[in-house]
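Just so you know, ligand 1 is whichever comes first in the structure, and atom 1 is the first atom listed for that ligand. Just the heavy atoms: all of them, side chains too, but no hydrogens, waters or symmetry mates, feed the values below.
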Amino acid sequence: MSVPGAVRRGQDAVWLSGGVASATPSRPPRPDSAAAGPRGVIEVRGLTKRFGSFTAVDDLDFDVRPGRVTGFLGPNGSGKTTTLRMLLGLVRPTAGTATIDGRRYAEIENPQAVVGSALEATSFHPGRSGRDHLRVLATVAGVPARRVDELLELVGIPAAARQRAGGYSMGMRQRLGLAAALLGDPAVIILDEPANGLDPEGIRWLRGFLRHLADEGRTLLISSHMLGEVEQTVDDVVIIANGRRVAQGTVAELRGRATAYVRTSDPDALVRALSDRGVQARRRGEGLQVDTGDLVLVGDVAHAADVAVHELRGEQTHLEELFFTLTETAENRNRNLGDAGAADTRHRDPQQEDRR
Ligand SMILES: Nc1ncnc2c1ncn2[C@@H]1O[C@H](COP(=O)(O)OP(=O)(O)OP(=O)(O)O)[C@@H](O)[C@H]1O
């Protein structure tokens, strides 16, 4: 069988690009025989890295599942890159393990086919074209050269690929790094800040691209500090602060239950009326925070109680708020900022907080 876009691995054609680029016709899913290969489960257990007396990563535990995009979030210097480097066998842990399908990176027989990564967008020979860069990597990895052109097409830089990589914009380097990560058609893809340097259209493209890769059953672990972007891209989240995990879960779990905010002519009357319907509400600023996301219910109860509604809106915790709530506690405040971190928190405008 010979079909453009497919890479032969043994007897199996493995699909990568179906449906990602709008110009690319829809292609069949990965055959079952390919899915029987690496599953791509990442397990981090008790992972610790000390540099001298400094503990960069501190007894970290988390799992990353196939078919999902997992965001690995933390403030600057919280230990994200060190963790990813341990996972990729580039840094030796002081204690604990980071494994893919139960094996440390060094124990994986053909690592390019199992895990692809882009840790830094700048590690290209500046005088070499993007295409040549990939061709060198393809040769080392034993990947057919035609795969390089497919990937360049896929990441959206087929024309630029013949120019010297030294002249690439940050966004183009990101795309080239992504193509390099995908060379071996890996089950696990690890990307450090992949949205850095991308324009809004590029970020939208990246989001669709990552989703497609996850839908193919791959495992995606992406570190990021762009919380607003990540929220729309990831399924699961691991948040770390000062080398320690402070949260893990699906985005929906971490956001918690939706609530409503309502301003009325008579807040006390509405609190009572809602309470009669089994819904709790409490004063917040000029209005009430209500423990339900059902705006129709709140509006109907207010109407029945003859209370005028001046404002009514649903509220959901955003990842960004959760992130700051978790990482700005006294215990988790960024150790690298010293007093500046504390000052930032002190100077936040409570009115602003209330409006969030
Ligand atoms: N080789 C090293 N020697 C000493 N300290 C190090 C070394 N590598 C990292 N660190 C320290 O470990 C901490 C975690 O660094 P790391 O780069 O993993 O954080 P990060 O979360 O990726 O940060 P950023 O978002 O800024 O990239 C930092 O305080 C950093 O200075």
> Would you say Glu193 has any N or O atom under 3.5 Å from an N or O of ligand 1, going by distance alone?
no
> List in chain and number order the residues that pass side-chain hydrogen bond (donor to acceptor under 3.5 Å, both in side chains) with Gln112, two or more places apart in sequence or in another chain; answer none if no residue qualifies.
none
> Could you give the distance from OH (Tyr168) to CD1 (Ile157), rounded to the nearest 0.5 Å?
5.0 Å
> Just need the protein heavy atom nearest to atom 23 (O) of ligand 1, so name the residue and atom and give the distance.
Gly77 N, 2.7 Å
> Against heavy atoms of Ser78, which atoms of ligand 1 measure under 4.0 Å?
19 (O), 20 (P), 21 (O)
> Among Asp236, Asp235, Asp215, which residue satisfies the side-chain hydrogen bond (donor to acceptor under 3.5 Å, both in side chains) criterion with Arg68?
Asp236
> Check this for me - ligand 1, Phe51, N or O atoms closer than 3.5 angstrom, yes or no?
no
> What are the atoms of ligand 1, with element, lying closer than 4.0 Å to any heavy atom of Lys80?
18 (O), 19 (O), 20 (P), 21 (O), 22 (O), 23 (O), 24 (P), 25 (O)
> I'd like to know if Asp58 pairs up with Lys49 as an ion pair, taking the criterion as any Lys NZ or Arg NE/NH1/NH2 lying under 4.0 Å from an Asp or Glu carboxylate oxygen.
no
> With heavy-atom distances below 4.0 Å as the criterion, list the atoms of ligand 1 near Asn76.
23 (O), 24 (P), 25 (O), 26 (O)
> Measuring from atom CZ of Arg162 to atom CG of Leu152, what distance do you get when rounded to the nearest 0.5 angstrom?
9.0 Å
> Can you find a protein heavy atom under 4.0 Å from atom 30 (C) of ligand 1?
no
> In ligand 1, which numbered atoms sit nearer than 4.0 Å to a non-hydrogen atom of Pro75?
21 (O)
> Provide, to 0.1 Å, the distance between atom 19 (O) of ligand 1 and the closest protein heavy atom, together with that atom's residue and name.
Gly79 N, 3.2 Å
> Using side chain to side chain contact (heavy atoms under 4.5 Å, CB included), reason through Val64 and Val41 one step at a time and then give a plain yes or no.
CA-CA 6 Å; Val64 184; Val41 175; over 6 Å; no
> With Phe72, which residues qualify under ring pair (Phe, Tyr, Trp, His ring centres under 6.0 Å), at least two apart?
Phe62
> Atom 18 (O) of ligand 1: which protein heavy atom is closest, and how many Å away?
Thr82 OG1, 2.6 Å
> Would you mind checking if Asp59 and Arg244 are paired as a salt bridge, meaning a charged N to carboxylate O distance below 4.0 Å?
no
> With heavy atoms of Phe54 as the reference, note each atom of ligand 1 found under 4.0 Å away.
11 (C), 12 (O), 13 (C), 29 (O)
> Within ligand 1, which atoms have a heavy atom of Thr81 less than 4.0 Å away?
17 (O), 18 (O), 20 (P), 22 (O), 27 (O)
